[in-house]
Protein chains: 2
Amino acid sequence: MKECYRVYAMYLKALSDETRLKIFDMLSNGELCACDILEEFNITQPTLSYHMKILSESGLVDSRRDGVWMKYSINRKSLEALKQLFDNIGLNMDNTSSHLYKGMDFC
Amino acid sequence: MKECYRVYAMYLKALSDETRLKIFDMLSNGELCACDILEEFNITQPTLSYHMKILSESGLVDSRRDGVWMKYSINRKSLEALKQLFDNIGLNMDNTSSHLYKGMDFC
DNA sequence: CGACCATATAGAGAGATGTCAATGTGTATG
DNA sequence: CATACACATTGACATCTCTCTATATGGTCG
């Protein structure tokens with residue numbers, strides 16, 4: 001666990017919006033273009049673009065151009081990091097080991 | 001996976017603040033009173049109370065009175081639900097199975 | 001090149017969020 | 001009861017967030 005709380009908080013903030021959480025889940029089934037995602041929601045295209053920017057800049061989602069389309073996909077490393085965050089919190093509960101927050105003063 | 005995105009988004013919003021994420025991690029080592037938590041942060045007592053209310057009302061954290069003190073602890077069920085959320089997203093990626101968002105129209 | 005399509009950006013506005021100082025509430029204790 | 005302690009609530013404020021309309025950008029195709 002080398003990361004700081006700040007990065008995890010950023011991930012969680014990116015997913016704390018219901019629309020973005022749904023998008024993240026949709027992407028778990030594979031790459032999608034913005035137009036595909038837009039069809040699932042009652043939001044305007046600029047609003048979707050705003051959400052995709054937040055997901056991309058957080059590092060949770062990767063993006064690439066494919067001609068006219070922007071293709072989005074989940075960044076596996078960040079998903080793994082999120083899993084580990086909650087797994088480690090669970091471990092603390094079972095083992096009564098040291099807190100994550102100790103030894104993180106450099107953050 | 002019977003829960004709705006709205007509940008998960010609420011959990012994640014509660015943890016999307018760096019202070020609250022640290023508190024949640026601190027609680028993974030066992031029950032703490034507000035005064036113990038307050039010592040770890042440079043915030044006022046009302047601000048901590050505000051954060052604890054958000055964590056409690058989200059269902060992530062349980063609270064009980066012990067004389068003058070309020071004791072806080074992690075709600076294990078909600079932690080398990082969070083773990084499953086990300087585990088299932090990971091499964092989708094591997095199995096190319098159905099999306100979580102399908103069949104959730106009742107939400 | 002010109003028209004068109006998909007997406008991004010800018011600007012504005014309503015509402016949510018995080019923080020504090022001041023004050024209220026509830027519990028123990030002399 | 002009076003005091004003190006731990007915590008909650010209120011009200012105010014600055015900032016952030018989400019959404020839209022309008023407009024810009026960038027790639028494709030006739």
Side-chain angles (χ1 to χ4, degrees), chain A residues 4-27 30-73 101 107, chain B residues 4-27 30-74 107:
Chain A
C4 301
Y5 289 103
R6 203 174 51 75
V7 176
Y8 286 116
M10 184 186 60
Y11 285 165
L12 296 175
K13 180 168 289 180
L15 294 178
S16 70
D17 180 90
E18 197 174 338
T19 299
R20 292 195 295 265
L21 181 58
K22 285 184 186 175
I23 292 170
F24 194 69
D25 186 41
M26 288 170 67
L27 291 177
E31 200 177 52
L32 290 173
C33 76
C35 52
D36 293 331
I37 300 170
L38 187 59
E39 288 184 347
E40 294 286 332
F41 297 94
N42 285 324
I43 57 177
T44 62
Q45 175 269 321
T47 297
L48 177 64
S49 188
Y50 162 79
H51 286 307
M52 297 316 297
K53 190 174 184 179
I54 289 176
L55 286 170
S56 298
E57 290 184 346
S58 73
L60 285 166
V61 164
D62 295 323
S63 61
R64 67 180 183 90
R65 258 209 177 276
D66 180 13
V68 181
W69 298 277
M70 284 297 295
K71 300 284 185 75
Y72 296 98
S73 56
Y101 75 91
C107 294
Chain B
C4 300
Y5 288 102
R6 205 174 50 75
V7 175
Y8 286 116
M10 184 186 59
Y11 286 165
L12 297 175
K13 180 170 290 181
L15 294 178
S16 70
D17 180 88
E18 197 174 338
T19 299
R20 292 195 294 266
L21 182 58
K22 284 184 187 177
I23 292 171
F24 194 69
D25 185 42
M26 287 171 67
L27 292 177
E31 200 177 53
L32 290 174
C33 75
C35 52
D36 293 330
I37 301 170
L38 187 57
E39 288 184 346
E40 293 285 332
F41 298 95
N42 286 324
I43 58 177
T44 62
Q45 176 269 321
T47 297
L48 176 64
S49 188
Y50 162 78
H51 285 307
M52 297 317 298
K53 189 175 183 178
I54 289 175
L55 287 170
S56 298
E57 291 185 345
S58 74
L60 284 167
V61 164
D62 296 322
S63 61
R64 67 180 184 92
R65 259 208 176 277
D66 180 12
V68 182
W69 298 276
M70 285 296 295
K71 300 284 185 75
Y72 296 99
S73 57
I74 285 185
C107 293

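Source: prediction; values computed, not measured. Proteins get letters first, then strands, A, B, ... in listed order; numbering begins at 1 in each.
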Can you tell me how far [atom2] of [N] sits from [atom1] of [X], to the nearest Å?
{"X": "B:Asn42", "N": "C:dC20", "atom1": "CG", "atom2": "C1'", "value": "14 Å"}
{"X": "A:Tyr50", "N": "C:dT9", "atom1": "OH", "atom2": "P", "value": "13 Å"}
{"X": "A:Met70", "N": "C:dT9", "atom1": "CE", "atom2": "C1'", "value": "14 Å"}
{"X": "A:Leu38", "N": "C:dC5", "atom1": "CG", "atom2": "P", "value": "16 Å"}
{"X": "A:Arg20", "N": "D:dC18", "atom1": "CZ", "atom2": "C1'", "value": "8 Å"}
{"X": "A:Leu48", "N": "D:dT19", "atom1": "CG", "atom2": "P", "value": "10 Å"}
{"X": "B:Arg64", "N": "D:dA6", "atom1": "CZ", "atom2": "P", "value": "17 Å"}
{"X": "B:Trp69", "N": "C:dT29", "atom1": "CH2", "atom2": "C1'", "value": "12 Å"}

Using a heavy-atom cut-off of under 4.0 Å over every strand shown, decide if [X] touches base, sugar-phosphate, or nothing.
{"X": "A:Lys13", "answer": "sugar-phosphate"}
{"X": "B:Phe41", "answer": "nothing"}
{"X": "B:Ile54", "answer": "sugar-phosphate"}

For [N] and [X] - does any side-chain N or O of the residue sit under 4.0 Å from the phosphate oxygens OP1/OP2?
{"X": "B:Lys53", "N": "D:dC7", "answer": "no"}
{"X": "A:His51", "N": "D:dT17", "answer": "no"}
{"X": "A:Thr47", "N": "D:dC18", "answer": "no"}
{"X": "B:Thr44", "N": "C:dC20", "answer": "yes"}

What are the two closest non-hydrogen atoms of [X] and [Y], and how far apart are they?
{"X": "A:Phe24", "Y": "A:Val61", "result": "CD1-CG2, 4.1 Å"}
{"X": "B:His51", "Y": "B:Arg20", "result": "ND1-NH1, 3.0 Å"}
{"X": "B:Lys71", "Y": "B:Cys33", "result": "CD-CB, 4.0 Å"}

Assess whether side chain to side chain contact (heavy atoms under 4.5 Å, CB included) is satisfied between A:Arg65 and A:Met70, documenting all intermediate values. CA-CA 5 Å; A:Arg65 258 209 177 276; A:Met70 284 297 295; 3.5 Å; yes

State whether the side chain of A:Ser16 and the backbone N or O of A:Lys13 hold a donor-acceptor pair below 3.5 Å, judged by distance alone. yes

Tell me which of A:Val68 and A:Gln45 sits closer to the 5' end of DNA chain D, going by the nucleotide each one is nearest to. A:Gln45

Assert: residue with more 5' nearest nucleotide on DNA chain C, out of A:Tyr72 and B:Pro46, is A:Tyr72

To the side chain of A:Arg65, which of D:dG26, C:dT19, D:dT19 is closest? D:dG26

